[in-house]
There are 2 protein chains.
Amino acid sequence: MAERPSVPSPPRLVDVARAAGVSLATASRAMTGSTGVSAEVAAHVQAVASRIGYVPNSHARALAGGQVSMVGLIVHDVGDPYFGEIARGVLHETELRGYLALISQTQRDPRAELARIRALRAHRVRLLVMAGSGYVRAASQGSTGADADMAAEVRSFTAAGGRLAVIGRHHLPVDAVLPDNAAGGATLMRHLIGLGHRRLGVLGGPPNLTTVEDRLAGLRTAFGAAGLDWRSVPVVHGDFTREGGAAATARLMRAHPDLTAVVALNDPMAVGALSWLLNGGRRVPGEISVTGFDDAPVARDVYPALTTIRLPMAGMGKQALDLVLRPPAGRPRRRRTSHELVVRASTAAPRA
Amino acid sequence: MAERPSVPSPPRLVDVARAAGVSLATASRAMTGSTGVSAEVAAHVQAVASRIGYVPNSHARALAGGQVSMVGLIVHDVGDPYFGEIARGVLHETELRGYLALISQTQRDPRAELARIRALRAHRVRLLVMAGSGYVRAASQGSTGADADMAAEVRSFTAAGGRLAVIGRHHLPVDAVLPDNAAGGATLMRHLIGLGHRRLGVLGGPPNLTTVEDRLAGLRTAFGAAGLDWRSVPVVHGDFTREGGAAATARLMRAHPDLTAVVALNDPMAVGALSWLLNGGRRVPGEISVTGFDDAPVARDVYPALTTIRLPMAGMGKQALDLVLRPPAGRPRRRRTSHELVVRASTAAPRA
DNA sequence: CTGAAAGCGCTTACAG
DNA sequence: CTGAAAGCGCTTACAG
């Protein structure tokens, strides 16, 4: 209809080829940097392309069998400092290598996770990093419905040539970067026991997360190893957020007013605990010690500065991307991270 | 060669059409929800599609003229709380509407910004949100090279039908969400003047950012309106980070040891200032007051809790996405945000 | 309402 | 090293 389209369409590879006086095939080879073109011709084509402002159509490329230059990243919540740091690490690597990152949030909803993976597959993303805890299996049987669905989805993704690495999630037959949750929990508990604490309470995140389970296991092991009875330690669960931490602290302290230490299973919860305790006039660490987990950037600037376990979050993101870029191994790879106890001002010996 | 490909290829729309006993065209209409199919046929096709696990190939769709279901988001740094909150807002909206988000970091490098936009255009992204300050024009001429390049890129993007909204950036002929930087700066300054401060210093971010310029302008206006001489106020520049804030504070305090208030132009810098001052044994706010800007999540949990200007960051992300989803107006739209002074513990009257 | 056919912009065997 | 041609998996006029 319209002789002159109102929206000028961008130049295509044919336009480049014509302008450079070569065939489409040659132009394609020159632009993708593949072999089979003389260096001079390639250089000439590239010069022409940049002169006329040619930008390859990635959809046509992907459809024709070229590589998809996008990697997928699934996190629970980009605003959370833990995932923010991981995302920063992944993005940094991603961009170095000329990929673009497709990011999704799932807010810890297993069904949203499945939906996101499917959406990513619709975009033929072959490289995928999933950060965030997995879910504890139902006690009664092998696996919950959500678990089984996820495992099936993952199997079908990798069977179709997809590469997936998870961060902080086991139970999935793929490459994994595993933060040192259990060992970190144990280190933290030894620190508190060494200080003299015996009556302590735990602020757990959602009880169905394996991360919570693992950190608890570490605490329990070290507590038992000191000859103490873990059954004396109250654990209350709440959201892995500042608000969740404050609410859980309220419940914990009302039921057990005599605790000398509160162990939060991530930093935002610990910040919530500090806020609740300080507002209530409790002195930290004078009357009660508080610890976190992760060493998010906020940990060193809160009052009092938080004793916590440092995990190399941005590095974990980078590692996951490295795994995904590598061809699959015979069996899933596991990269265990280090952890480091960071002692700051929020812990001290209990008062006699 | 291989009779049985080792990687099973996913079902295509033809497979769905065949299994449902309809033509390709009908299957396509049923799957995209377009008109021209009877409701029964559409339902049947959809049922078949889901039974055989069909996932549409988004590249083929995009190439054939369907919609690209991705939106681009460009930020300076996802790990920074300001951009983390904005990203959270954009992603939330994005996912509600069934889009996927392509996120890029530019680390405040104008050339990286250009490269990212081009990469996004290669993916035929039509919807784009760019968050982060623009750059101050060179004093000598109309615009710097980077500025001109960006304006040209943006014009060409929108001319080709692309929709772009910026957050916190003027000087670009597109829809914009503009945080209340100047007014916020003025509010903050009035707060400090009201408290009795006269000798204050400013911790500016990179001097080439319009955000810095605008916040400074607000401070200056309110200072002048109180009959005070702005030339008496030292301004030192540094990175918009905790480290940048600490370093700038060191320079500021060495040159002007008698200041009674330090005004940081974003929260991370203020946190750095607190850290430097407290480490040096200064009492905040007893000896010296400190203020931030943005009200990032960290602001209320640092010691002492930060007096700052609250900007609705997640809401700004949502608004930008709304703008981009709307057809373009005759002239660029401007959405000015509100701001709110949040008085916490880091400010007090100066000592007599 | 339904179908046959063209075409979106590339890449990659296949020939030369 | 270079080119002509097929094909990737869809959508959308164009006919019926």
Side-chain angles (χ1 to χ4, degrees), chain A residues 1-2 5 7-46 49 52-69 121-126 160-161, chain B residues 1-2 5 7-46 49 52-69 121-126 160-161:
Chain A
M1 280 270 129
V7 170
S9 51
R12 296 151 305 161
L13 188 55
V14 247
D15 302 320
V16 174
R18 244 189 305 261
V22 299
S23 74
L24 225 203
T26 296
S28 173
R29 294 190 186 101
M31 293 311 294
T32 56
S34 51
T35 70
V37 227
S38 67
E40 300 81 56
V41 173
H44 175 230
V45 170
Q46 285 163 12
I52 70 180
Y54 170 68
V55 177
N57 182 322
S58 72
H59 298 296
R61 273 197 167 164
L63 191 58
Q67 288 300 307
V68 172
S69 55
R121 293 186 69 179
H123 287 81
R124 294 306 182 264
V125 166
R126 245 180 40 79
Chain B
M1 279 272 128
V7 170
S9 52
R12 296 151 304 160
L13 189 54
V14 248
D15 302 320
V16 174
R18 235 178 326 247
V22 299
S23 72
L24 225 204
T26 296
S28 172
R29 293 187 189 105
M31 295 308 295
T32 56
S34 53
T35 70
V37 227
S38 67
E40 299 82 57
V41 174
H44 176 229
V45 170
Q46 285 162 13
I52 69 180
Y54 170 68
V55 177
N57 182 320
S58 72
H59 298 297
R61 273 197 167 163
L63 190 58
Q67 288 301 305
V68 172
S69 54
R121 293 186 69 177
H123 287 80
R124 294 307 183 263
V125 165
R126 243 180 39 80

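Each chain gets a letter, A, B and so on, in the order its sequence line appears, and its residues count up from 1.
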Mind checking if B/S58 touches a base, just sugar-phosphate, or nothing, with heavy atoms under 4.0 Å?
nothing
Name the closest nucleotide to the A/R61 side chain, picking from D/dG3, C/dC10, D/dG9.
C/dC10
With the side chain defined as heavy atoms from C-beta on, A/R29 is closest, among D/dT2, D/dG3, C/dC10, to D/dG3
Using OP1 and OP2 only, check whether a side-chain N or O of A/S28 sits under 4.0 Å from C/dC10.
no
Separation of A/L24 atom CG from C/dG7 atom C1', in whole Å?
14 Å
Whole angstrom is fine here: how far is it from CZ in B/R18 over to P in C/dG3?
14 Å
For a quick check, tell me whether the side chain of A/R124 and the base of D/dG9 share a donor-acceptor pair closer than 3.5 Å.
no
Nearest 0.5 Å, please: how far is CG in A/L13 from CZ in A/R18?
10.5 Å
Looking only at C/dC8, C/dC10, D/dA13, the nucleotide nearest the B/L63 side chain is C/dC8
Among D/dC10, C/dG9, D/dT11, the one nearest B/N57 by side-chain distance:
D/dC10
Could you tell me how far apart A/L13 (CG) and C/dG9 (P) are, to the nearest whole angstrom?
11 Å
Look at the side-chain N and O atoms of B/S38 and state whether any lies under 4.0 Å from the OP1 or OP2 oxygen of C/dT2.
yes
Just how far is it from atom OG of B/S38 to atom NE2 of B/H44, taken to the nearest 0.5 Å?
11.0 Å
Side-chain touch B/N57/B/R12, heavy atoms, less than 4.5 angstrom
no
Output yes when at least one side-chain N/O atom of A/T26 is less than 4.0 Å from OP1 or OP2 of D/dG3, else no.
yes
Residues which pass ring pair (Phe, Tyr, Trp, His ring centres under 6.0 Å) with B/H59, listed by chain and number, not counting sequence neighbours:
A/H59
Suppose we define a pair by two distances each less than 3.5 Å, Watson-Crick or G-U wobble; what does C/dA4 pair with here?
none
Among the nucleotides C/dG9, C/dT11, D/dT2, whichever has the atom closest to the side chain of A/V41 is D/dT2
Tell me, do A/R61 and A/M31 make a side-chain contact under 4.5 Å, heavy atoms counted?
yes
From C-beta outward on A/A25, which listed nucleotide comes closest to its side chain: D/dG3, C/dG9, D/dG9?
D/dG3
Base paired to D/dA13 (Watson-Crick or G-U; both N/O distances under 3.5 angstrom)
none
May I ask you to say what A/T32 touches in the nucleic acid, namely base, sugar-phosphate or nothing, with a heavy-atom cut-off under 4.0 Å?
sugar-phosphate
Without decimals, in angstroms, what is the distance between B/H123 NE2 and C/dC10 C1'?
14 Å
Just the rounded figure in Å: distance from P of D/dC8 to NE2 of B/H59.
16 Å
